[in-house]
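Notes follow the structure.
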Amino acid sequence: MNNEIILKLPDGTELSFAAGITGAEIAASIGAGLARAALAVVVNGKKLDISAPIFEGGDFRILTFDDDEGKHIFWHSTSHIMAEAVLRLFPGTKVAIGPAIEQGFYYDFDRAEPFTAGDLEAIETEMARIVKEDAVFQRCELPRDEALSRFEAAGEIYKVELAGEIPLGETVSLYTSGTFTDLCRGPHVPSASIIKAFKLLSVAGAYWRGSEKNKMLQRIYGISFPKKSQLDDFLEKLEQAKARDHRKLGKELDLFSINDDIGPGLVLWHPNGAIIREIIETYWRRRHREEGYLPVYTPLVGRSKLWETSGHLGFYNDNMFPSMSFEEGEQYFVRPMNCPFHIAIYKNKLRSYRDLPIRYCELGADYRYERSGVLHGLLRVRGFTMDDAHIFCRPDQMIDEVVGVYEFSLNILRSFGFKDFGIYLSTRPEHFVGDEDRWANATEALVAALQKVGLPFKTDVGGGAFYGPKIDIKVRDALGREWQTTTVQFDFNEPERFGLNYIGENGEKTQPYMVHRALLGSLERFFACLVEHYAGNFPMWLAPLQAKVIPVSEKFQAYAEIVHKRLLKAGLRSEIDNRPETMGYRIREAETAKVPYMLIVGEREEASGSASLRSHSDGDLGSMPIEKIIDRLNSESQPPA
RNA sequence: GCCGAUGUAGCUCAAGGGUAGAGCAGCGGUCUUGUAAACCGCAGGUUGUGGGUUCGAUUCCCACCGUCGGCUCCA
């Protein structure tokens with residue numbers, strides 16, 4: 001073996017070292033700061049502990065907390081420390097898995113008694129002790145069998161199960177820090193003392209291996225940082241995020257409510273929310289018309305036979321509200337989806353290949369019986385309105401249609417101010433309908449569309465619907481949780497079940513391809529995302545109330561009335577506040593209601609035909625002529641192209 | 001559905017085995033105001049629902065319902 005290795009740093013510089021040098025030594029040779037921050041290294045794409053000797057030259061990176069990978073290592077190591085603390089305080093607890101997640105880490109435990117808030121504090125205290133002891137993370141490699149018997153001896157049944165799945169004869173790695181040993185690929189931080197600041201955030205139930213058939217374990221979530229100030233920032237941001245929660249803002253801005261007497265997951269849109277919804281719907285309809293969609297309106301209920309044909313009674317029954325029946329015994333179901341109705345319109349007459357593609361769109365209300373534990377404000381409800389469309393096309397039109405829908409979707413989401421999307425391709429699940437060739441074709445079309453647009457996407461293997469593959473776009477809520485809005489789904493099921501066809505060029509009946517798609521997802525969910533995205537500070541085109549006219553005193557009410565009427569006439573959503581309250585009070589109320597503009601009028605303004613403009617975002621803008629204010633507000637109120 | 005937490009006035013919250021209190025909002029009045037809260041007064045609650053323990057429950061226990069954080073599932 002060559003005893004010199006050459007390592008290439010990310011900036012391109014190449015350094016030569018004696019083989020067997022460790023990441024820690026290299027970091028130290030580069031700088032003391034880096035040496036302190038170094039968590040692990042990456043050699044030719046392989047992550048290694050900082051203490052591991054390196055024998056191989058090539059690409060080399062040092063991971064710190066500034067890298068996502070570094071954060072993960074840091075958090076994962078913290079989860080080990082938490083597990084050790086739990087085992088020290090609660091002997092007999094079994095450990096399951098403890099990975100890093102997007103924001104922090106968790107560890108799953110099996111223990112008869114629930115962990116209380118007080119237990120979490122005790123665990124934190126114990127963790128602090130472990131950090132102070134500065135336990136070193138030590139890797140050791142063992143034959144799989146040896147590891148397995150070690151966990152068996154310790155009674156760690158979950159680790160035994162995991163180790164048992166590793167092929168016989170393979171080597172596994174274990175990490176020991178302090179008194180805790182875990183089956184783990186690593187790498188880890190060098191020692192516990194680097195974890196300066198941490199907090200345990202919550203306990204929740206979680207099924208072993210994510211299956212509800214398995215035992216429910218207790219999952220403790222936590223977060224950690226190299227510096228106390230970073231933890232404080234994180235907790236501060238968490239607090240701020242709560243202020244943006246659509247449920248809180250929904251109440252404060254009087255947008256919507258959910259009433260227990262009516263039923264969980266059933267939404268009441270108050271005027272302020274309804275105005276915004278109406279604007280969204282109007283914009284949506286215009287854009288769809290421009291994109292060649294045809295509007296349809298269809299009923300909310302349908303006979304049971306319809307749902308038998310569509311397959312919903314077989315595949316989707318658990319999510320449907322129970323049937324309604326007439327005396328004669330005929331059963332009807334409230335619809336959970338709109339597709340069978342759009343299909344019925346398609347089938348209403350014979351279609352030619354020349355007619356395709358046909359794109360039917362509808363803001364269609366649907367009701368789904370969601371399990372009680374999953375309801376979540378407007379983000380997950382039982383009654384909602386899908387911005388639905390079904391595209392019937394020829395096989396040769398498929399790719400263009402998908403590209404079209406995908407671009408349309410991104411464009412419309414961007415119009416509403418969203419920029420940061422999670423894009424997912426979901427492929428064939430275990431149980432599926434349709435032949436494999438069609439699946440391959442359709443998946444190819446989706447990939448082609450994704451590649452054409454060029455945004456990065458993740459593949460959710462096996463995540464497709466039983467009837468076809470799909471592209472999903474997700475946006476984040478205030479707490480960083482992703483919620484699916486756009487979905488573009490192929491359907492091999494329904495064209496078959498409903499016997500859809502068109503007359504092809506050759507005069508033969510041919511089955512069309514069918515795409516279901518929702519861009520905003522549902523108006524309820526999308527609205528929730530929108531509220532959180534803007535933190536309730538809606539842009540002018542969406543704001544339920546755009547301007548509030550506030551006379552300085554009651555002497556100027558008549559002039560305020562004139563100004564208010566001019567705003568209304570110019571098409572602006574204006575209100576006047578001439579209550580006998582102090583001006584400061586009325587301004588404050590308009591501010592907390594997040595009204596974009598206030599027009600304050602007094603003696604000076606009346607004399608000059610002007611108003612003093614105050615913006616919610618920028619405060620007092622000074623007096624200006626009414627025409628100028630109207631021009632400004634109107635130009636800001638234009639919906640996106 | 002499952003695990004845990006939780007439910008007090010319209011809202012935000014306090015108290016607590018002897019039938020509940022504040023601020024804001026509301027209502028009535030006074031004030032007539034120059035860029036984020038004028039002042040005084042009044043009214044407002046079978047403490048989520050139903051059981052149980054108790055001389056007495058809003059407080060303790062049980063069940064149910066809702067909500068919150070997760071898991072599973074999903075627009």
Determine the interatomic distance between C1' on B:U8 and the same-named atom on B:G48; round to the nearest Å. 10 Å

Considering all heavy atoms of both residues, which atom of A:G417 and which atom of A:H533 are nearest to each other, and what is their separation? O-NE2, 2.8 Å

Is it true that the side chains of A:E575 and A:H564 contain a donor and an acceptor less than 3.5 Å apart? no

Opposite nucleotide pairing with B:A5, Watson-Crick or G-U, both atom distances under 3.5 Å: B:U67

Can you check the distance between B:C40 and B:U46, where both ends of the measurement are the P atom (answer in whole Å)? 29 Å

Heavy atoms only, 4.0 Å cut-off, all strands: where does A:E605 land among base, sugar-phosphate and nothing? base

Consider side-chain hydrogen bond (donor to acceptor under 3.5 Å, both in side chains). Of A:H342, A:Q489, A:H390, A:K470, which one does A:H516 pass it with? A:H390

Phosphate contact (B:A25 OP1 or OP2) by A:Y585 side-chain N/O below 4.0 Å: yes

What does A:G602 touch in the nucleic acid at a heavy-atom separation under 4.0 angstrom: a base, only the sugar-phosphate, or nothing? base

Mate of B:U47 where both pairing distances stay under 3.5 Å, Watson-Crick or G-U: none

Given that both distances must come in under 3.5 Å, which nucleotide forms a Watson-Crick or G-U wobble pair with B:G18? B:C55

What about A:T582, does its side chain sit under 3.5 Å from the base of B:A38 through a donor-acceptor pair? no

Nearest-nucleotide 5' precedence on RNA chain B, A:R481 against A:M583: A:M583

On a plain distance test, is the side chain of A:R517 in donor-acceptor contact with the base of B:A75 below 3.5 Å? no

Determine the contact category for A:E524: base if any of its heavy atoms lies under 4.0 Å from a base atom, sugar-phosphate if only primed atoms, P, OP1 or OP2 are that close, otherwise nothing. nothing

Would the base of B:C73 count as contacting A:R380 through its side chain, where contact means a donor and an acceptor less than 3.5 Å apart? yes

Please classify the nucleic acid contact of A:P580 as base, sugar-phosphate, or nothing, using heavy-atom distances under 4.0 Å. base

At under 4.0 Å between heavy atoms, what does A:G210 touch on the DNA or RNA strands: base, sugar-phosphate, or nothing? sugar-phosphate

Using the P atom as the point on both nucleotides, what is the distance between B:C13 and B:A20, in whole Å? 23 Å

Go nucleotide by nucleotide along RNA chain B from the 5' end; which of A:L613 and A:S211 gets its closest nucleotide reached first? A:L613

Quantified in whole Å, what is the C1' atom distance between nucleotide B:G41 and nucleotide B:A5? 41 Å

Checking side-chain contact (heavy atoms from CB on, under 4.5 Å) for the pair A:R382/A:S372: CA distance, chi angles, key distance, verdict? CA-CA 10 Å; A:R382 285 190 176 148; A:S372 62; 4.1 Å; yes

Round to the nearest Å and state the distance from A:N317 atom CG to B:C73 atom P. 19 Å

Taking donor-acceptor contacts at under 3.5 Å, does the side chain of A:E370 reach the base of B:G1? no

Categorize A:M386 for me: base, sugar-phosphate, or nothing, with a 4.0 angstrom heavy-atom threshold over every strand shown. nothing

Would you say A:T485 reaches B:A75's phosphate, i.e. side-chain N/O to OP1/OP2 under 4.0 Å? no

Would you call A:F384 stacked on B:A75, i.e. ring centres under 5.5 Å apart with the planes less than 30° off parallel? yes

Is the distance from OP1 or OP2 of B:C74 to the nearest side-chain N or O of A:R382 less than 4.0 Å? no

With a cut-off of less than 4.0 Å, is there a side-chain N or O of A:H376 near OP1 or OP2 of B:G70? no

Looking only at atom P, what distance separates B:G4 and B:A63, rounded to whole Å? 11 Å

Aromatic contact, A:Y316 with A:F466 (centres under 6.0 Å): no

When rounded to the nearest 0.5 angstrom, what distance separates CZ in A:R368 from CZ in A:F384? 3.5 Å

Classify the side chain of A:R247 and the base of B:U67 as holding, or not holding, a donor-acceptor pair under 3.5 Å. no

Classify the nucleic acid contact of A:E589 as base, sugar-phosphate or nothing, counting any heavy atom under 4.0 Å across all strands shown. nothing

Base B:G1 paired with A:Y369 side chain (donor-acceptor, <3.5 Å): no

